[in-house]
Amino acid sequence: MLEIDGRAVLALMSRDLERARRLCAEPWFVTELASYRACGLPLWDGTSRLSVRHANTREAAALQVALHLELSRDEYEGHVFAFLTGIDPLPN
């Protein structure tokens, strides 16, 4: 579970916490995270604290739904993410 300033935002699948922390520190990941908006505001401002923890039952269920959707659409490529907050549509 990725938190931004203590707020659960993104469930992600990983083998362990250390691997999840490394993923969330990857340049491509933070760039992608900074591109998302919620209610017109950046989801992450590029400076707020990012932290990773184990998901609770509800968060893990959201991740399982996302995994099943990716598998059913044949879109699974090794990473599964589930936003726990509403995300604005990305511009084309």
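We number each residue from 1, following the sequence as shown.
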* Asked: With Arg22, which residues qualify under side chain to side chain contact (heavy atoms under 4.5 Å, CB included), at least two apart?
  -> Glu18, Arg19

* Would you call the rings of Phe81 and Trp28 parallel, tilted or perpendicular if under 30° counts as parallel and over 60° as perpendicular? -> perpendicular

* Output the distance between atom CG (Asp5) and atom OG1 (Thr47), rounded to the nearest 0.5 Å. => 8.0 Å

* Could you state the interatomic distance from CZ (Arg7) to OG (Ser51), rounded to the nearest 0.5 Å? -> 12.0 Å

* Under 4.5 Å side-chain linkage, directly or through intermediates, the cluster mates of Met1 -> Leu84

* Structure fact -> Here the salt bridge (Lys or Arg N to Asp or Glu O under 4.0 Å) pairs for residues 35-50, sequence neighbours left out, are none

* **Partners meeting salt bridge (charged side-chain N to carboxylate O under 4.0 Å, His left out) with Arg73 (sequence neighbours left out)** => Glu75

* Just wondering, do Val9 and Leu2 contact through their side chains at under 4.5 Å, heavy atoms? -> no

* To do: Identify the two heavy atoms, one from Ala82 and one from Ala62, that lie closest to each other, and give their separation to 0.1 Å.
  => CB-O, 3.8 Å

* Set of residues satisfying salt bridge (charged side-chain N to carboxylate O under 4.0 Å, His left out) with respect to Arg53, sequence neighbours excluded -> Glu3, Glu59

* Structure fact -> Taken in chain and number order and not counting sequence neighbours, the residues that satisfy salt bridge (charged side-chain N to carboxylate O under 4.0 Å, His left out) with Glu70 are none

* Asked: Which residue pairs satisfy the ring-ring contact (aromatic ring centres under 6.0 Å, His included) criterion with at least one member in residues 35-54, sequence neighbours excluded?
  -> Tyr36-Phe83

* Asked: Who else is in Leu63's hydrophobic cluster (ILVMFWY, side-chain heavy atoms under 4.5 Å, direct or via others)?
  -> Met13, Leu67, Leu71, Tyr76, Val80

* What residues form a side chain to side chain donor-acceptor pair (under 3.5 Å) with Asp88, not counting sequence neighbours? -> none

* Asked: Any side-chain heavy atom of Cys24 within less than 4.5 Å of one from Leu10?
  -> no

